[in-house]
Amino acid sequence: MSSTESRIEFGPLGFGAASAGNLYRAVDDETVEAALEAAWQSGIRYFDTAPHYGLGLSERRLGAFLRSKPRDEYVISTKVGRLLEPNPHFAGGRDGEGFDVPDDMIRRFDPSADGIRRSLDDSLERLGLDRVDVLYLHDPDVYDLDRGLREGLPALADLRAEGLVREIGVGVNDAAVAARAVREGDLDLVMIAGRYTLLEQPALEELFPVCMERGVRVVDAAVFNSGLLATSSPAATATYNYGAVPPQVLERAQRLAAICAAHGVELPAAALQFPARHPVVTTVVFGTSNPESVRQNAERMHVDIPAELWAELAEV
């Protein structure tokens, strides 16, 4: 684990670049560049991507943007565990995992030491950068959790020991999986998506206590639960954890919105600031391809939220 003195400073907000990989819908290069520039102009200096996001498209776009910026002024993370290989059966189809891109590549799970080194090398080539700062083992539970942790975590630790990356972690959607990785590995960080939000906090049960015990910091992502909390009027048509919104979840989100409105606060502002109140959370990550939304969310981190609102929200 990295020493306290050398730990990376992420800043209060990070930019998640899944949208730069055409998450849910196709976006042109100019729009993505404008969103990234809006993040930069708003003071955001942490950018996260992955090979999974658009079969490499997110990495290529993010790298093209960051190559125009001073390398020592930003932090970039990507992920390993999925190798991208040419699709031998490509016939003009589209990716079936939520990204609007051609399925000319396939994802292959490989958490071995060789696979993780190759994944890093491939990512650096797509990014056009000489290094990344953070590597996360990405979604090992989607494939083979036992193998992923057994092989992937030591392989990441080796890369850190060699100085090829500064910090290592896991990036997952399941708090129990993340807690197990913290117990079994020598990690600096956990990126947890959607499991510590204003809407729901399962990460409090097991993950946050073991992180605090072991000095592992949390990068809190998907704080809008993939869209539901992104507006002050949560609707049944919103996206919740990459799918449809269950009625009881929508009802809870609407109650949270009503309480915020009664205090004159936008629900998205409370959703962004809520995770940062916990001492184990080192940064909050959001993502959008809309430049104006980037600017709005950056401003929302500075909205004054009264203690009375937090107290009332805690009782919902």
Side-chain angles (χ1 to χ4, degrees), residues 15-23 29 32-33 36 46-69 71 74-90 93-144 147-172 187-189 191 219 221 287:
F15 187 89
S19 57
N22 287 359
L23 180 63
D29 292 346
V32 169
E33 183 178 2
L36 291 167
Y46 172 44
F47 299 86
D48 174 70
T49 183
H52 174 58
Y53 302 157
L55 294 170
L57 179 62
S58 173
E59 288 185 319
R60 290 193 295 272
R61 284 172 159 173
L62 180 59
F65 173 77
L66 289 177
R67 288 197 300 273
S68 69
K69 306 300 182 185
R71 182 60 187 90
Y74 63 83
V75 174
I76 181 173
S77 59
T78 191
K79 305 181 182 78
V80 293
R82 290 177 174 100
L83 288 171
L84 300 183
E85 299 178 342
N87 181 357
H89 306 295
F90 177 61
R94 309 298 286 179
D95 181 47
E97 296 200 26
F99 297 91
D100 190 357
V101 295
D103 64 346
D104 54 350
M105 305 291 284
I106 58 172
R107 303 165 176 89
R108 181 170 66 81
F109 179 60
D110 188 349
S112 69
D114 287 345
I116 282 178
R117 285 176 184 270
R118 178 182 155 192
S119 183
L120 174 58
D121 288 343
D122 289 350
S123 288
L124 291 175
E125 184 174 347
R126 285 188 291 266
L127 290 162
L129 300 174
D130 64 351
R131 68 187 189 279
V132 295
D133 303 290
V134 178
L135 272 186
Y136 299 108
L137 180 65
H138 200 189
D139 294 337
D141 51 316
V142 171
Y143 300 93
D144 182 338
R147 182 188 171 204
L149 299 185
R150 183 179 66 249
E151 298 183 21
L153 298 186
L156 282 173
D158 287 345
L159 293 179
R160 182 183 58 194
E162 293 173 33
L164 297 178
V165 293
R166 291 177 59 189
E167 298 194 13
I168 60 171
V170 293
V172 294
L187 304 182
D188 304 294
L189 300 163
M191 174 177 277
V219 174

**OP:** For the residue pair Val170 and Leu156, establish whether any side-chain heavy-atom pair is separated by less than 4.5 Å.
**Re:** no

**OP:** Please name all residues satisfying salt bridge (charged side-chain N to carboxylate O under 4.0 Å, His left out) with Asp121, sequence neighbours left out, ordered by chain then number.
**Re:** none

Subject >> Sequence neighbours excluded - ring pair (Phe, Tyr, Trp, His ring centres under 6.0 Å) pairs with any residue from residues 105-129 >> reply: Phe109-Tyr143

Original post:
Where the side chain of Lys79 meets the backbone of Thr49, is there a donor-acceptor pair that is under 3.5 Å apart?
Top reply: yes

**OP:** Apply side chain to side chain donor-acceptor pair (under 3.5 Å) to Glu151 and list each qualifying residue two or more places apart in sequence or on a separate chain.
**Re:** Arg147

Subject >> With sequence neighbours excluded, residues passing side chain to side chain donor-acceptor pair (under 3.5 Å) with Arg67 >> reply: none

**OP:** Decide yes or no on side-chain contact (heavy atoms from CB on, under 4.5 Å) for Leu135 and Arg160, but give the supporting numbers first.
**Re:** CA-CA 9 Å; Leu135 272 186; Arg160 182 183 58 194; over 6 Å; no

Subject >> Over all atoms of both residues, closest heavy-atom pair of Ile116 and Pro111 >> reply: CD1-O, 3.4 Å

Original post:
Residues two or more places apart in sequence or in another chain: which of them pass salt bridge (charged side-chain N to carboxylate O under 4.0 Å, His left out) with Asp141?
Top reply: none

Original post:
Would you call Asp122 and Arg118 a salt bridge, taking side-chain N to carboxylate O under 4.0 Å as the test?
Top reply: yes

**OP:** Show the numbers, then the answer: is there a side-chain contact (heavy atoms from CB on, under 4.5 Å) between Met191 and Asp48?
**Re:** CA-CA 10 Å; Met191 174 177 277; Asp48 174 70; 3.6 Å; yes

**OP:** Check the pair Arg117, Glu162 against salt bridge (charged side-chain N to carboxylate O under 4.0 Å, His left out), reporting the backbone distance first and the verdict last.
**Re:** CA-CA 12 Å; Arg117 285 176 184 270; Glu162 293 173 33; 2.3 Å; yes

**OP:** Using the side-chain contact (heavy atoms from CB on, under 4.5 Å) rule, take Ile76 and Leu127 through it: C-alpha gap first, then chi angles, then the decisive distance, then the call.
**Re:** CA-CA 10 Å; Ile76 181 173; Leu127 290 162; 3.8 Å; yes

**OP:** Just grab all the side chain to side chain donor-acceptor pair (under 3.5 Å) pairs involving residues 96-106, residues at least two apart or on different chains.
**Re:** Arg94-Asp100

Subject >> Under the salt bridge (charged side-chain N to carboxylate O under 4.0 Å, His left out) test, residues paired with Arg108 that sit two or more places apart >> reply: Glu85, Asp110

Original post:
So, for Gly81 and Leu137, which heavy atoms are closest and what is the spacing to 0.1 Å?
Top reply: CA-CD1, 4.3 Å

Original post:
What residues, two or more places apart in sequence or in another chain, satisfy side-chain contact (heavy atoms from CB on, under 4.5 Å) together with Leu124?
Top reply: Leu120, Val132

Original post:
Looking only at heavy atoms, which two atoms of Ser112 and Gly115 are closest? And how far apart?
Top reply: OG-N, 3.0 Å

Original post:
Side-chain contact, heavy-atom cut-off 4.5 Å: Ile168 with Leu189?
Top reply: no

**OP:** Would you check if Glu167 and Val134 make a side-chain contact, meaning some heavy-atom pair closer than 4.5 Å?
**Re:** yes

Original post:
Taking only residues two or more places apart in sequence, or in another chain, which ones meet Tyr46 in a ring-ring contact (aromatic ring centres under 6.0 Å, His included)?
Top reply: Phe10

Original post:
Can Arg60 and Asp29 be counted as an ion pair, charged N to O under 4.0 angstrom?
Top reply: no

**OP:** Return each pair, listed once, that meets ring pair (Phe, Tyr, Trp, His ring centres under 6.0 Å) where at least one residue sits in residues 113-138; pairs must be two or more places apart or across chains.
**Re:** His52-His138, Tyr53-His138

Original post:
Is a side-chain N or O of Ser58 found less than 3.5 angstrom from the main chain of Ala17, in a donor-acceptor match?
Top reply: yes

Subject >> Nearest atoms (heavy-atom pairs only) where Val32 meets Ala20 >> reply: CG1-CB, 3.7 Å

**OP:** Kindly determine whether Asp139 and Arg82 satisfy salt bridge (charged side-chain N to carboxylate O under 4.0 Å, His left out), including the steps that lead there.
**Re:** CA-CA 9 Å; Asp139 294 337; Arg82 290 177 174 100; 3.1 Å; yes

Original post:
Where do Tyr74 and Leu129 come nearest, in terms of heavy atoms and distance?
Top reply: OH-CD2, 3.5 Å

Original post:
Can you name the residues that form a salt bridge (charged side-chain N to carboxylate O under 4.0 Å, His left out) with Arg131, not counting sequence neighbours?
Top reply: none

Original post:
Sequence neighbours excluded, which residues qualify as side chain to side chain donor-acceptor pair (under 3.5 Å) partners of Asn22?
Top reply: Arg61

**OP:** Quick one: closest heavy-atom pair of Phe99 and Ala18, and the distance?
**Re:** CE2-O, 3.7 Å

Original post:
Is there a donor-acceptor pair under 3.5 Å between the side chain of Ser123 and the backbone N or O of Ser119?
Top reply: yes

**OP:** Identify the residue among Asp133, Val75, Thr78, Leu66 that makes a side-chain contact (heavy atoms from CB on, under 4.5 Å) with Phe47.
**Re:** Leu66

